[in-house]
Structures are given as structure tokens and as C-alpha cells.
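Each remark here refers to the structure printed beneath this line.
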Amino acid sequence: MSLLVIIYLCAALVWFGVWFRSGIVVPAPWLLWATVGLIGVEAICGYQVFTLQAGPLPLTLERIGLGVLFVLAFLTALRQRFESVRWDFVDGVVIAWFAVLSLSVLLTDYQYRNNTPLSRLLFLNAMPMAAYFVLKHSGWQLRHLRVVGIGVVLFGTYLALTAIAEWQQWHVFVFPKFILSTTEVAEFFGRGRGPLLNPIINGMLMSAAVAVLLTWWPTASWRGRGAIVVLVPVLGCGIVATMTRSVWLGMVAGCGVVVLTMVSPRQRMVLTALAILVALPLGFIAKETLSRFKRDQNVSVEDMAQSASLRPLFVRVAWEMFQDRPITGVGFGQYQKYKRPFHHIHNTELPLQRALPYFQHNVFLAYLVEMGLLGLLSLLVLLATLFWRGWQVATDQSGPHRARCLAAVALAVGTNYVVNGMFHDVSLIPVANFHCFLALGILGRVYHLSVTSAVAKILSTSEDTPLMDLGAETLIPA
């Protein structure tokens, strides 16, 4: 099989060379649409449908597709002498984040459990980073984002309908059928886990579709608003069907962030205060109900209530492991290797042994334990950059409307990542990092287009008009 892969790679290199010499340029919108479409490819045609064993690391359709797109994007930029490539500090933040992960893998036991750390680095982190650079440095325009928005809504609607069918056991309507199989993955069966077999990422993708619909509402026609009124409840039911509390909370928080970008600063303060006043008593009242209800087909209500009590145990174990190696951690992807002794410490009354069979249930604690303060800092800086740049574009009333809408969606995606990451190690979930980096890459390109638009407005004014008289509304803060 390895020899066959080498033959395919040699043939691909020959065809890439022929294409490069031909002078044909890949249209930038194609790179945008194809890269975003890889989420659907991974969901519906993932490893369950096609897997090519290339040595120790398996190849799937979306991995091969992203590799081809990255090479095409690089060769296109090379032919154009990288004239469309605009580097900024966000690229540096992404590279620094990946460098920390890579060093942690290379300087520790990367062959642990059949190369698990190396596989996670390449497929759950390097691939999202590659998608980020393809999207950010391609030459597409704002008008091309409409196709992306429509695709996100349609895909989210499909996920919602499938999740509802799973939840209600209408198995005849579930597609693809491997969703109903419990041979390889029995966990989460009985709720809306979707084609990715995980209700968390399933809900995060549906929440992104809801965010897109919310940004369409202000400028939609009466027919468009009618469609939104129909689709939002469908997506909401799909999110409920995941039976995952963090997904529900993430959807509400993400929608709240989108709404806040659409109102004035004074209205933001009022809405934020009202949200806090309503959320605190409501959460207190519903706490008992939300901690005890039937979710998975093979998990009882008592088991669910017990799982909620495990979270303080994860925090204590993470604290003990962090104290042992505070700067560099135990090594990326090696939590399972080093955790056992810390579940048997005797200086606590907590039953830490109960949490031994599980992974860490918080992405920030997972980074802290596996990569120490360096890893956690790299993740926090990356997320802060996403929120800062997204808020900068989304709240700039002088910027293009589509740019503000996209930035609002990116903020919702980041919010969902953080909220779900407080209860799960989302870095382990396929597509979780990928869809977050897609939002960051598109946001980076949108910011560049917004700045270009602002500069064009300045240059298009009369030369006799002093710059100080142009008005603050024509400028976008750097």
C-alpha cells in the first residue's frame, strides 16, 4: 500500500508540474468554496467511507483534498509572485500556536499509542492551519461569501433534520447509515450525534448556521424572512436533539454575541445587563432539571447525574499534573500516559479514581496539562485574536455589510468553541478546530478587504478636501 501511495504522489507531482507550466490560474472563489466544503466531505464521506493506509498515518478524502487545495493555492500564489499575500500579526499568532504544539510533540514521545500525538498534530491541527492560510491569502472577494453562507445554512439544516431523526428514532430518515452503527463508536447513540458521530461538533455546526441566518435578517426580503422564521426553529430542534447542555449554552451565547454586534453601544450595555439578570435565576432554577435527564440510549439518568459530578475531579487532577510540570506540560496528546498516578494521590478527600477512565473535560485544562503555561498561553492568545479582530470588523458601522455579518458569525463560532471547551476537550473532536480556523481565515481576508475599501473611500474623495474633514465614519481603526 505504501508503494501505491508513492506512485500516486509521483503522478500527482507530474500533473502539478504540467498545470504550473500551462499558466492556468485556479479561480480564487473555487479555493474558498472547496476549502469550506471539506467540512461536508469529512462529515459524509469521512474515514467510515474511504480510508487509504499510507504507512502509519491513514489518508481520507478530506485530507487528500486539503493537501491538493493547499498545493494549488501555493502554486497560484507563486505564479502571481505572492502579490495577493498580505501577512499580518494574526499569521504570526497562528504560526506561534502551531510551533508550540509541534515542539511539544517532537520533544516528547510522539509514537505513544500508535503515533497518536503525531496524528493529532497533523490531522486535527496542521490541517486547520493549512485551511486558514488557503482562505486568508486567496484572492476572493466579499460577494463570494454568499455561496458560503448558503452552504452553511443548507448543511446545518441537513444536520438538524438528521439529528431530529436520530433523537426520535426515525431511522429510515437518517443518512448516511453509518450514523446508526454502534460497532466502532457506541458513545452518544440515541441522540443527535450526526455523521461526525459526536453531538458536540454537530451542535456547533448547527449553531454556526443559526448565526448566519441571524445576520441575514436585517436585510432580508419578506420571503427571506419567512424562510428564516422556518429554518431557525428547525435548527433549534436539531440543537436540542443533541441533548448536550454545553451545545445549548453555546448556541444561546453565540446568538447573543451576534445580536450585540447589530445594536448601538448603549443598547449593548442594556441587553447584557438584562441577559445577566435573566440567566442567573433561570440557571439556578433549572440546574437540577438540566443535570438529570435521559440522553444516550445506553446511559441512565443516574449515570448522567454522576458524570456531572466528575468535573471537580478533572480540575483537581489537572491542578496536580500542572504543578508537576508547569511550563512545558507532560507532552501534547499524552494526558492518558501520565494521568494515572495523579488519580491516586492521598492528600485529598475527593474520589479521583472515578475519573480515571476518561479524558480531560476542559480544553483549557487539557492544554495546561499537556503543554503547560506555554500551550495555554498560545491558545488564549489565538482565541483573543479571533475575538478582537472579529469585534473590530463586526462593530464598525462604516465597513461593508457583508464583512460585518461574516465577522459576527466568526464571533459566534469562537464563542461556541470557548463555551463547549469549558465542558469538553474540543481539540480532540474532528472538525472542531477546522471550522474555527475556517472562520479565522475568512475573517483575516475580510479584514484586509475592509481596510482596502476604507482606503479606496479616502482616495476617491476630492483632493481639495483635507483629510481631517473626511469624518471618522470613513476610517476603520487599525
Side-chain angles (χ1 to χ4, degrees), residues 28 31-39 42 66 69-70 73 84-101 124-140 142 144-145 148-149 151-152 201 204-205 207-209 211-212 215 250 254 257-258 261 363-364 367 377-396 399 402-421 426-427 429-451:
L31 293 174
L32 169 67
W33 300 332
T35 305
V36 176
L38 286 176
I39 287 184
E42 183 166 1
L66 182 60
L69 289 174
F70 185 79
S84 62
V85 177
R86 297 293 183 269
W87 296 86
D88 58 19
F89 85 97
V90 181
D91 299 314
V93 169
V94 172
I95 293 173
W97 164 83
F98 186 73
V100 172
L101 269 63
L124 299 184
N125 297 280
M127 284 181 58
M129 186 182 69
Y132 161 82
F133 282 108
V134 170
L135 293 178
K136 184 175 183 295
H137 298 295
S138 300
W140 49 269
L142 288 175
H144 301 136
L145 289 174
V148 174
V152 169
I201 184 58
M204 292 169 69
L205 293 174
S207 297
V212 171
T215 61
V257 170
V258 172
T261 63
V363 68
F364 303 103
Y367 266 72
L377 182 62
S378 67
L379 177 64
L380 292 177
V381 171
L382 183 68
L383 292 173
T385 302
L386 169 62
F387 284 110
W388 176 74
R389 182 52 58 83
W391 188 261
Q392 187 179 22
V393 178
T395 58
D396 182 13
R402 285 181 179 172
R404 302 202 311 272
C405 291
L406 183 278
V409 174
L411 287 172
V413 169
T415 301
N416 261 282
Y417 189 93
V418 171
V419 171
N420 284 278
V426 289
S427 66
I429 302 175
V431 179
N433 280 351
F434 195 88
H435 100 296
C436 195
F437 273 85
L438 287 181
L440 183 59
I442 295 176
L443 180 60
R445 173 65 180 170
V446 164
Y447 176 77
H448 170 69
L449 293 174
S450 300
V451 172

Please answer whether the main-chain N or O of Ala412 pairs with a side-chain N or O of Asn416 as donor and acceptor at a distance below 3.5 Å. yes
Would you say Val446 and Trp140 make side-chain contact, with heavy atoms under 4.5 Å? yes
Evaluate the side chain to side chain contact (heavy atoms under 4.5 Å, CB included) criterion for residues Cys436 and Leu386: first the C-alpha distance (whole Å), next the side-chain angles of each, then the deciding distance (0.1 Å), finally the verdict. CA-CA 9 Å; Cys436 195; Leu386 169 62; 4.1 Å; yes
Where do Ala408 and Thr261 come nearest, in terms of heavy atoms and distance? CB-OG1, 3.6 Å
Gap between atom OH of Tyr447 and atom CG of Leu449 - 0.5 Å precision: 12.0 Å
Applying side chain to side chain contact (heavy atoms under 4.5 Å, CB included) between Leu379 and each of Val381, Leu377, Leu383, report the one that passes. Leu383
Please find the pair of heavy atoms, one from Val393 and one from Arg404, that lie closest to each other, and give the distance. O-CG, 3.5 Å
Within-4.5 Å side-chain heavy-atom neighbours: Val94 and Leu440: yes
Rounded at 0.5 Å granularity, tell me how far CD in Glu42 sits from CD1 in Ile201. 9.0 Å
Sub-4.5 Å side-chain heavy-atom contact between Val257 and Phe387: no
Distance in Å, Lys136 NZ paired with Asp91 CG, rounded so as to fall on 0.5 Å steps: 4.0 Å
Quick one: does Arg389's side chain get under 4.5 Å of Asp88's, heavy atoms only? yes
Using the ring centroid of each side chain, check whether Tyr132 and Trp97 are separated by less than 6.0 Å. no
Could you go through Ile442 and Val36, starting from their C-alpha distance and side-chain angles, then the distance that decides it, and tell me whether this counts as side chain to side chain contact (heavy atoms under 4.5 Å, CB included)? CA-CA 10 Å; Ile442 295 176; Val36 176; 4.2 Å; yes
With heavy-atom distances below 4.5 Å as the criterion, would you say the side chains of Leu135 and Leu32 are in contact? yes
Heavy-atom closest pair, residues Val212 and Gly149: CG1-O, 3.9 Å
Residue pair Ala211 / Val258: nearest heavy atoms and the distance that separates them: CB-CG2, 4.0 Å
Verify, without hydrogens or angle tests, whether His137 (side chain) and Val134 (backbone) share a donor-acceptor contact under 3.5 angstrom. no
Side-chain contact test, heavy atoms from C-beta onward, threshold under 4.5 Å: evaluate it for His144 versus Trp33 and give yes or no. yes
Measure the shortest side-chain to side-chain distance between Leu406 and Val148 over non-hydrogen atoms and say whether it is less than 4.5 angstrom. no
Can you name the closest pair of heavy atoms from Val409 and Ala208 and give their distance? CG1-O, 4.4 Å
Does any part of the side chain of Val100, heavy atoms only, come nearer than 4.5 Å to the side chain of Tyr367, both counted from C-beta? no
dist Asn433:CG -> Tyr417:OH (nearest 0.5 Å) comes out at 4.0 Å
CE/Met127 to CZ/Phe434 distance, rounded to the nearest 0.5 angstrom? 5.5 Å
Gap between atom OG1 of Thr35 and atom CG of Leu69 - 0.5 Å precision: 4.5 Å
In terms of heavy-atom contacts, Leu438 and Ala131 come closest through CD2-CB, 3.9 Å
